[in-house]
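Have a look at the structure below, then the notes.
If you're wondering where the values come from, they're calculated on a predicted model, not measured in any experiment. Numbering of residues begins at 1 and proceeds along the displayed sequence.
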Amino acid sequence: MDSFNAITAAIFLPFIFAGLIPVMEKLLKQRVGWFAAATALTSFTLIGLAAPEVLGEGHIVQGSISWIPSAGVNFAIYADGLAMMIGFIASGIGVLIMSYSNGYMSQKEDLKRYYQYLLLFMGSMIGMVFSANTIQLFIFWELTSITSFMLIGYWRHKPESIYGATKSLLITAAGGLAMLAGFLLLRTITGSFDLATILSDPQVINAVKEHELFLITLILILIGAAAKSAQGPFYIWLPNAMEAPTPVSAFLHSATMVKAGIYLVARIHPIFSGTDAWFILVSGIGIFTMLVAGFLAFRQTDIKGILAYSTISQLAYIMTMYGYTTHHEPGIGVAAATFHLLNHATFKACLFLVAGIVAHEAATRDIRKLGGLRREMPITFIVASIAALSMAGVPPLNGFLSKEMFYESSLEMGALLGGGFTFLIPACAVLGGVFTFAYSIKLIDGIFLGERSKEHLPEHIHEPPLTMLIPPAFLALLVILFGLVPSLPIHTIIEPTVSGILLETAHLHVKLWHGFTTSLMMTIVTFILGILIYTRYDRIAAWQDKFNARFPWISVNYYYDNAVNSAKERAFRFSTITQPGNIKYYMTAMLLLMIALVAIPVITLATNIVPSTLNFSIAPYEAILLLLLIVAALAAAVLPKYLPAIIALSALGYGVSLLFIYLKAPDLALTQILVETLSTIIFLLAITKIPQKYKEIIPKSVLFRDLAISLAVAASVFVVLLNATQGIVAPFESLSHYFIENSLPLAGGHNIVNVIIVDFRGYDTLGEISVLCLAALGVYNLIHSRGEEQ
């Protein structure tokens, strides 16, 4: 199997096998999770088939299948080092998560739905990272949002799950729409949806950076990335997403989906980096989020709550590093960010799985009720300690290496910017590391150290079954392996990934001991300050609680809840204002809008309001017909009773149909006759229920206002028609040329009117027919109901 077919199969296999889950559940019962794990393993293997070509030889696997050729969009694959790394993480962590779920999920749960959602999510994630064009990427991107919504809201009976799922969907999907707008602007600039085309042409990339739409395009795409990766003000959805089953949190909210935004930033890095806007926006969001989330983690008492804020903070690390850029050195932090991306997937997924074990065995995740479990769960304690110490940046684990690289790139970035940034950027990096150290130690201390609580915990607590223990233990082994032998991940996957981002071959030299460097000194300072901060941990948390209670309006959640909870009331107020119920107001608004949209531009652009080339010659029967139309219109307006007014209005409609026949448009005439007949019947049925004479007393002020509006509308229409007979006012061009030129080649019809109605306006015509049918059915029912009453 060639690489393109292997990757395509890896994308669609989870979708196909998700449909087989109900059948497999009947065969395997509660062991159906192993079928899902085998599916993930198959996808992992299929991606691995392309690894020698991409990671070994440095080639980019590309291929496409025709999809929407008229829009220049195909189903296309772009497999470079970056896509391969995220693809391996999504499928590899998927194997562990689905294996772990066999022990975690109760047999009473709806396992079919659970594993179907997981497989659909995994397929969406793999499809997104291998997408070669922005439209395909957007579709898979939003699929991850939808499947995430279903997984977070898996426990439908829990209001907290519904709240978290809704919040997640609203924020991430809205961010996705902003991203789509950015992609459309990028298409406007480059002329292509194809990422491979853009990335392979330096002239196109330069054109993007110099284009006037550069900044707005970058902002819109970054909104999508920040929303997905819980950065900036969009971070509020991730803590509430912790209501999902813990394996879901480990899969989506530590290893995969939250990294989609980071992946997007890395993917567009060659297009937008090397600019001041990129540095300010990407690094600015990253540093702000890193510090805020790290600080807010202190007041969390739920293990998953701490992990949620630590995930936000760690993702911000990566975002910050990808943002480090100058015009001459656009990729300062790329290697560090990419290595931390891989390391974070290992130690954070491990910690989430440990959280699931603790909750499973101790029946609580409240860190205030836990403690002293090291004696009853020694293996879990060791595994958790390895992962937490890696997150804290303690040597010789992999988190230490990538944190050292973070400090080195911060020093380099600060030195290149000079001035106050020389110290400010490294200081922010150290402060982020201090917070990380403190909450990492809190996890171990709060769960495993100290004295065991007899009041809040079950009497007997023990290690989980191997099904739940092996996946986090395997991840802990990776943490140690990547730390002790960094050349293994660096040469096999990090270098090809960095090469894919920088679009040039990268050679990295990462080792455990670099001597007494400045970054090592920063690490030592981090540990000292981290220990000092940890001694004040509870005081800081108490102060945060007190501050939050006193100033709730400072929280982003306050505004989210206010907006969502009051949406119904505000919609009611808005509809009350915009839909008062009196048809007169609707007509007034529409007519004034018509003047603003049509008449004012025409009058402004016309060289002569009254064209000098008007043709005043008219045949006698035309004059008679037009005179009858005018008389009917005036009668409809001034007659004092409903019945004569309706008859006059109908006469006007039938007169218009005669005009259509005279102008050789029999189809329009037929439509007009049908509509007029239908509306006349409806009017006649309706007026039998109301007084036959107008009783409304119109004040003079209202009368003059309505007359003024009527005259303005009439004058505007008159001016528009005068100019329309001379050809549409410049710069507007007639559409008739398009239909004349394309009716035969595109639709095969010589009758242009028929082609327009049937082909060019096919759906519009279908809609009109549907409306007429519904109206006719309504009339039939009205008549039928009257007959029954009699």
Would you please test Ile135 and Leu180 for side chain to side chain contact (heavy atoms under 4.5 Å, CB included) and show each step? CA-CA 8 Å; Ile135 299 300; Leu180 176 62; 4.2 Å; yes
If I take atom CG from residue Leu529 and atom CZ from residue Phe437, how far apart are they, to the nearest 0.5 angstrom? 10.5 Å
Looking only at the aromatic ring of each residue, does the gap between the centers of His344 and Phe347 stay below 6.0 angstrom? yes
When Phe88 is tested against each of Ile93, Leu342, Leu55 for side chain to side chain contact (heavy atoms under 4.5 Å, CB included), which residue passes? Leu55
Nearest 0.5 Å, please: how far is CD1 in Ile528 from OG1 in Thr523? 11.0 Å
Checking Thr422 side chain against Ala415 main chain: does a donor-acceptor pair fall under 3.5 Å? no
Mind checking side chain to side chain contact (heavy atoms under 4.5 Å, CB included) for Tyr559 and listing every partner two or more places apart, or none if nothing turns up? Trp553
CD1 of Ile312 to CG of Leu296, rounded to nearest 0.5 Å, is 8.5 Å
Tell me, yes or no, whether the heavy-atom count around Phe288 atom CZ, taken from other residues, nucleotides or ligands under 6.0 Å, exceeds 12. no
The reported gap from CG in Leu151 to CD1 in Ile146 (rounded to nearest 0.5 angstrom) is 12.5 Å
Test item: Thr497 side-chain N/O and Gly81 main-chain N/O as donor-acceptor pair under 3.5 Å: yes
For the CZ atom on Phe547, are there more than 12 heavy atoms of other groups (residues, nucleotides or ligands in this structure) within a distance under 6.0 Å? yes
Are the side chain of Ser313 and the backbone of Tyr309 linked by a donor-acceptor contact shorter than 3.5 Å? no
Tell me, do Met122 and Phe251 make a side-chain contact under 4.5 Å, heavy atoms counted? yes
Contact between Thr172 and Trp141 at the side-chain level, heavy atoms closer than 4.5 Å - yes or no? no
Can you tell me if Gln544 uses its side chain to pair, donor with acceptor, with the backbone of Phe295 under 3.5 Å? yes
Can a donor-acceptor pair be found, under 3.5 Å and without considering hydrogens, that links the side chain of Thr144 to the backbone of Met125? no
Taking the six-membered ring of Phe352, is the NZ or CZ of Lys304 close enough (under 6.0 Å from the centre) and on axis enough (within 45°)? no
Less than 4.5 Å apart, side chain to side chain, heavy atoms only: is that true for Phe183 and Thr217? no
Would you mind reporting whether Thr256 and Phe121 have side-chain heavy atoms less than 4.5 Å apart? yes
Any donor-acceptor pair under 3.5 Å linking the side chain of Asn133 with the backbone of Asn74? yes
From Met84 atom CE to Thr492 atom OG1, the distance as rounded to the nearest 0.5 Å: 11.0 Å
Tell me whether Tyr407 contacts the main-chain N or O of Met521 through its side chain, where contact means a donor paired with an acceptor under 3.5 Å. no
Apply the test side chain to side chain contact (heavy atoms under 4.5 Å, CB included) to residues Tyr322 and Ile501: give CA-CA distance (whole Å), side-chain angles for both, the deciding distance (0.1 Å), then the verdict. CA-CA 10 Å; Tyr322 276 131; Ile501 297 171; 3.6 Å; yes
Side chain to side chain contact (heavy atoms under 4.5 Å, CB included) between Val556 and Tyr560, worked out: CA-CA 6 Å; Val556 182; Tyr560 171 84; 5.6 Å; no
If you define the side chain from C-beta out and look only at heavy atoms, does anything of Arg267 sit under 4.5 Å from Leu195? yes
Mark yes or no for whether Glu495, through its side chain, and Leu508, through its backbone, hold a donor-acceptor pair below 3.5 Å. yes
Please say which of Val564, Asn557, Ile152 ends up in a side chain to side chain contact (heavy atoms under 4.5 Å, CB included) with Lys167. Asn557
Begin from the C-alpha positions of Thr436 and Gln314 and carry the test side chain to side chain contact (heavy atoms under 4.5 Å, CB included) through to its verdict. CA-CA 8 Å; Thr436 303; Gln314 295 294 305; 3.3 Å; yes
Side-chain touch Val282/Thr320, heavy atoms, less than 4.5 angstrom: no
Walk me through it: do Ser487 and His491 pass the test side-chain hydrogen bond (donor to acceptor under 3.5 Å, both in side chains)? CA-CA 6 Å; Ser487 58; His491 296 317; 5.1 Å; no
Contact between Lys348 and Thr311 at the side-chain level, heavy atoms closer than 4.5 Å - yes or no? yes
To the nearest 0.5 angstrom, please state how far the CG atom of Leu520 sits from the CZ atom of Phe400. 6.0 Å
State whether the side chain of Asn562 and the backbone N or O of Tyr558 hold a donor-acceptor pair below 3.5 Å, judged by distance alone. no
Does the ring centre of Tyr534 sit less than 6.0 Å away from the ring centre of Tyr439? no
Got a donor-acceptor contact below 3.5 angstrom from the Tyr537 side chain to the Lys442 backbone? no
I want to check something: taking the side chain as every heavy atom from C-beta on, are Met242 and Leu307 in contact at a cut-off of under 4.5 Å? no
